[in-house]
Amino acid sequence: MLIVSILIFYILIEIERKFLVKNLDFIKESYKHTRIVQGFLNTDPYRTVRIRVKGDKGFITVKGIGNQSGTSRFEWEKEIPLCDAEALLQLCEPFPIDKIRYEVKFKNFLYEIDVFSGENEGLILAEIELNSENQYFEKPSWIGQEVTGQKEYYNSYLSKYPFKKSN
């Protein structure tokens with residue numbers, strides 16, 4: 001008997017910019033929101049390994065170190081069974097990330113806005129994925145200071161050094 005396995009995964013160089021959010025105006029512009037719980041099996045900056053439960057789906061993600069600007073980095077992601085993701089979350093390092101992700105389309109771009117809870121309550125970050133590091137985009141009025149490449153705003157850093165403890 002021949003067993004065929006189909007693996008669905010994504011390998012890419014992720015190009016994104018990250019911003020603090022000034023206010024909650026994005027909520028009325030949002031077309032979707034999803035709860036995300038994620039933990040890290042490994043937070044080494046050269047290879048973070050993340051387990052994520054997003055809604056009713058599970059994922060494992062490996063991210064490489066970012067380039068000098070922090071805008072681009074290697075990312076590999078694979079959907080895994082929800083029960084596996086939930087089991088692997090139990091093995092993760094302390095302080096899992098718990099957040100609601102809002103999705104907003106603005107001027108042909110998708111902004112993902114994370115409203116953190118738990119140990120990171122009070123932090124709201126927006127990300128935009130781009131096709132190139134120099135791609136032009138307009139910022140909505142609720143976008144604040146850019147924090148791309150600042151390690152204290154990486155989820156892997158926030159899982160070790162929560163926002164509440166640093167403010």
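Since this is a predicted model, take the numbers as computed values, not measurements.
Pairing each heavy atom of Ser72 with each of Ile13, the nearest pair is CB-CG2, 4.0 Å. Of all non-hydrogen atoms in Glu29 and Phe106, the two that sit nearest each other are OE1-CD1, 4.4 Å. Gly39 approaches Cys92 most closely through the heavy-atom pair C-SG, 3.5 Å. Here the shortest heavy-atom pairing between Tyr157 and Lys151 reads CB-O, 3.0 Å. Across all non-hydrogen atoms, the minimal contact from Gly58 to Ala85 is CA-CB, 3.6 Å.
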Exercise. Between Gln135 and Phe109, does a side chain to side chain contact (heavy atoms under 4.5 Å, CB included) hold up when you go through it step by step?
Worked result: CA-CA 11 Å; Gln135 184 175 5; Phe109 287 94; 3.5 Å; yes
For this session: Could you walk me through whether Tyr102 and Ile100 pass the side chain to side chain contact (heavy atoms under 4.5 Å, CB included) test, one step at a time?
Result: CA-CA 6 Å; Tyr102 292 84; Ile100 302 293; 3.5 Å; yes
Problem set entry | Chi angles and distances behind the side chain to side chain contact (heavy atoms under 4.5 Å, CB included) call for Lys54, Phe59 | CA-CA 8 Å; Lys54 184 177 181 183; Phe59 299 90; 4.1 Å; yes
Exercise. Run the side chain to side chain contact (heavy atoms under 4.5 Å, CB included) check on Asn120 and Phe95 step by step: do they pass?
Worked result: CA-CA 9 Å; Asn120 291 295; Phe95 303 117; 5.9 Å; no
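Two residues are said to be in side-chain contact when any heavy atoms from C-beta on lie closer than 4.5 Å; Gln38 and Asn155 meet this criterion. Residues Val147 and Leu125 have side chains in contact (heavy-atom distance under 4.5 Å, counting atoms from C-beta outward). Between Ile97 and Leu158, some side-chain heavy-atom pair lies under the 4.5 Å cut-off. For the pair Leu41 and Ile51, the minimum side-chain heavy-atom distance is below 4.5 Å. Looking at Gln145 and Phe19, their side chains never come closer than 4.5 Å, going by heavy atoms from C-beta outward. With a 4.5 Å cut-off on side-chain heavy atoms, Glu121 and Phe116 do not count as touching. Thr61 has its side chain out of reach of Arg52: every pair of non-hydrogen atoms, C-beta onward, lies at least 4.5 Å apart. Contact check for Val49 versus Phe40: no side-chain heavy atoms found under the 4.5 Å cut-off.
Here Tyr46 sits in one hydrophobic cluster together with Ile65; the rule is ILVMFWY side chains under 4.5 Å apart, joined directly or through other members. Annotation for Leu110: hydrophobic cluster partners, listed by chain and number, are Tyr31 (ILVMFWY side-chain heavy atoms under 4.5 Å, direct or chained).
With sequence neighbours left out, Leu24 forms a side-chain contact (heavy atoms from CB on, under 4.5 Å) with Phe26, Ile27, Ile124. Partners of Tyr111 according to the ring pair (Phe, Tyr, Trp, His ring centres under 6.0 Å) rule, which considers only residues two or more places apart in sequence or in another chain, are Trp142. Listed by chain and number, the residues in a salt bridge (Lys or Arg N to Asp or Glu O under 4.0 Å) with Glu112 are Arg101 (sequence neighbours excluded).
Using modelled atom types, no side-chain atom of Asp114 and backbone atom of Ala126 make a donor-acceptor pair closer than 3.5 Å. Ser117 contributes a side-chain N or O that, together with a main-chain N or O of Asp98, makes up a donor-acceptor pair within less than 3.5 Å. Judged by distance alone, the side chain of Thr48 and the main-chain N or O of Pro45 form no donor-acceptor pair under 3.5 Å.
The side chain to side chain donor-acceptor pair (under 3.5 Å) pairs that include a residue from residues 18-27 are Lys18-Glu127, where partners are two or more places apart or lie in different chains.
Within the model, atoms CZ of Arg17 and CD1 of Ile143 stand 10.5 Å from one another, a figure rounded to the nearest 0.5 Å. Note: Tyr136 OH to Lys107 NZ = 8.5 Å, rounded to the nearest 0.5 Å. Rounding to the nearest 0.5 Å gives a distance of 10.5 Å between CD1 of Ile128 and CD of Glu146. Of the inter-residue distances, the one linking Glu75 atom CD with Glu129 atom CD reads 7.0 Å to the nearest 0.5 angstrom. Atom OH of Tyr153 is separated from atom CZ of Phe163 by 6.0 Å, given to the nearest 0.5 angstrom.
Clustering ILVMFWY residues whenever any of their side-chain heavy atoms sit less than 4.5 angstrom apart, transitively, puts Ile36 in a cluster other than the one holding Leu89.
Checking Thr43 against Glu93 by side-chain atom types alone, a donor-acceptor pair falls below 3.5 Å. Side chains of Asn67 and Glu133: a donor-acceptor N/O pair is present below 3.5 angstrom, by distance only.
A salt bridge links Lys63 with Glu14; the closest basic N to acidic carboxylate O contact falls under 4.0 Å. The existence of a salt bridge linking Glu77 and Arg50 is confirmed by a sub-4.0 Å separation between a basic side-chain nitrogen and an acidic carboxylate oxygen.
Around CG of Asn108, the count of heavy atoms belonging to other residues, nucleotides or ligands within 6.0 Å does not exceed 12.
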